[in-house]
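From a predicted model like this one, the values you see are computed outputs, not experimental measurements.
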Amino acid sequence: MSVKFENNSFKKRVKSMLGVDFRRMFTSPLFYIMIGASLVMPILILVMTTMMDGTVSVNPQTGVETVIEGFKNVWQIIGTVSGGEQTMSMDITSMCNINMMFFIISVFVCLFVGADFSSGYAKNLFTVRSKKDDYVISKSITCLIAGASMIIIFFIGSMIGGAIAGLPFELEGATALNIVMCMLSKTLLVGIFSSIYVLASVFAKQRLWLSLLMAFGIGMLMFMMIPIITPLNSTIVNVILCLVGSILFSVGIGFGSKAILEKTSLV
């Protein structure tokens, strides 16, 4: 009688690890809190800025008057047309838009990955079954799906908020197809940011404050490139650039995350 051992291939290992991570993510209150926040934020932003539009504030020391300008149409919260005046500006419409979701995604990734190390789950996982590369691949894909979901939910919230605030939906300098390409580009761009946030998380491990600090720092350095790469009038070229960049960065940074896990302590 011969004993036959099942070949635990790379594909099977990754599939198993993905199943575990997706189950943990979809049963975690954190995921649904982030999704809820992604839906509510654009509604509050559009309604409140519309109410405050035209309000004048006066600096009591200098007497300088500042007029608060809100969103002129719904699409401003999604992005700006490339080459427009607001592409590199730092006003409320350029800061309080969908691009700030990349910071929200960093919070989710750091909390989601950091929980593995603070609870001792990661140490037990690597001891019993999983390899470092399986873990990094699974976490990167899981966080990409979570981040992409938040981007899409923010878009839905923006449409709802725009309707409540009574803002116009007319497109200026872009078409409906451009909007689709813009959203697809932003969704794919999450792959770059999520892989960086995973790297920060596996480096910091149970030190959540350090992973968040690193993630916010890197996010701030890369924040201004988001409206340039994914403008409101995006085309298939922008989608391809984001796709290729996401793949290359995810692979390269993934190797870095694996190296950190192999060369450092898990506690």
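- Two residues are said to be in side-chain contact when any heavy atoms from C-beta on lie closer than 4.5 Å; V81 and E172 fail this criterion.
- Formation of a donor-acceptor pair under 3.5 Å by the Y197 side chain with backbone atoms of F102 is found in this model.
- Side-chain contact check for L189 versus S246: every heavy-atom pair is 4.5 Å or farther apart.
- Without hydrogens or angle criteria, S138 side chain to M17 main chain gives a donor-acceptor distance under 3.5 Å.
- Judged as a ring-ring contact (aromatic ring centres under 6.0 Å, His included), and not counting sequence neighbours, the contacts of F103 are F223.
- Here the side chain of W75 pairs no donor or acceptor atom with the backbone of L232 at under 3.5 angstrom.
- Within the structure, every pair that satisfies the side-chain hydrogen bond (donor to acceptor under 3.5 Å, both in side chains) test and touches residues 224-233, not counting sequence neighbours, is listed here: S82-N233, K186-T230.
- Shown here for P42 and S158, the closest heavy-atom pair between the two residues is CB-OG, 3.4 Å.
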Exercise for the section: Output, in order, the C-alpha distance, side-chain angles, deciding distance and verdict of side-chain contact (heavy atoms from CB on, under 4.5 Å) for V109 and F193. Expected result: CA-CA 10 Å; V109 175; F193 283 83; over 6 Å; no
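- Residues I104 and M41 have side chains in contact (heavy-atom distance under 4.5 Å, counting atoms from C-beta outward).
- Taking F154 as the reference, nothing meets the ring-ring contact (aromatic ring centres under 6.0 Å, His included) condition, with sequence neighbours excluded.
- Going from atom CD1 of I236 over to atom CG of L241 covers 10.0 Å, rounded to the nearest 0.5 Å.
- Scanning all heavy atoms of the two residues, the minimum distance from F112 to C143 falls at CD2-SG, 4.2 Å.
- With contacts defined as side-chain heavy-atom distances shorter than 4.5 Å, the pair L221/I218 does not qualify.
- With contacts defined as side-chain heavy-atom distances shorter than 4.5 Å, the pair Q76/N97 does not qualify.
- Note that the CG atom of L212 and the CG atom of L111 stand 6.0 Å from one another [nearest 0.5 Å].
- Looking at N238, its side chain does come within 3.5 Å of a backbone N or O of T235 through a donor-acceptor pair.
- Remark: side-chain polar atoms of S257 are paired, donor with acceptor, to backbone N or O of I253 under 3.5 angstrom.
- Scanning for side-chain contact (heavy atoms from CB on, under 4.5 Å) contacts around L144 gives V190, S194, with sequence neighbours left out.
- Between the side chain of S211 and the backbone N or O of L208 there is at least one donor-acceptor pair closer than 3.5 Å.
- Identified under the side-chain hydrogen bond (donor to acceptor under 3.5 Å, both in side chains) test for residues 105-117, with sequence neighbours left out: R24-D116, D116-Y135, D116-K139.
- Here CZ of F249 is found 6.5 Å from CD1 of I196. Values are rounded to the nearest 0.5 Å.
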Practice task
Decide yes or no on side-chain contact (heavy atoms from CB on, under 4.5 Å) for L167 and N73, but give the supporting numbers first.
Solution key: CA-CA 5 Å; L167 291 172; N73 60 67; 5.6 Å; no
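- Listed by chain and number, the residues in a side-chain contact (heavy atoms from CB on, under 4.5 Å) with I229 are M225, C242 (sequence neighbours excluded).
- Remark: S28 engages no residue in a side-chain hydrogen bond (donor to acceptor under 3.5 Å, both in side chains) (not counting sequence neighbours).
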Exercise for the section: Apply side-chain contact (heavy atoms from CB on, under 4.5 Å) to L30 and F108, showing your working. Expected result: CA-CA 7 Å; L30 173 65; F108 172 82; 3.8 Å; yes
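- Not counting sequence neighbours, R207 has no partner by the side-chain hydrogen bond (donor to acceptor under 3.5 Å, both in side chains) test.
- Contacts of F31 classified as ring-ring contact (aromatic ring centres under 6.0 Å, His included), with partners at least two apart in sequence or in another chain: F26.
- Residues passing the side-chain hydrogen bond (donor to acceptor under 3.5 Å, both in side chains) test with N178, sequence neighbours excluded: T175.
- In this structure, the side chain of T50 does not engage the main chain of A165 through any donor-acceptor pair within 3.5 Å.
- The side-chain contact (heavy atoms from CB on, under 4.5 Å) check on I156 picks up L39, I152, I153, I160, with sequence neighbours excluded.
- Contacts of S149 classified as side-chain hydrogen bond (donor to acceptor under 3.5 Å, both in side chains), with partners at least two apart in sequence or in another chain: none.
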Exercise for the section: Would you sort out whether I45 and M100 count as a side-chain contact (heavy atoms from CB on, under 4.5 Å), showing the intermediate values? Expected result: CA-CA 12 Å; I45 290 171; M100 71 178 181; 3.2 Å; yes
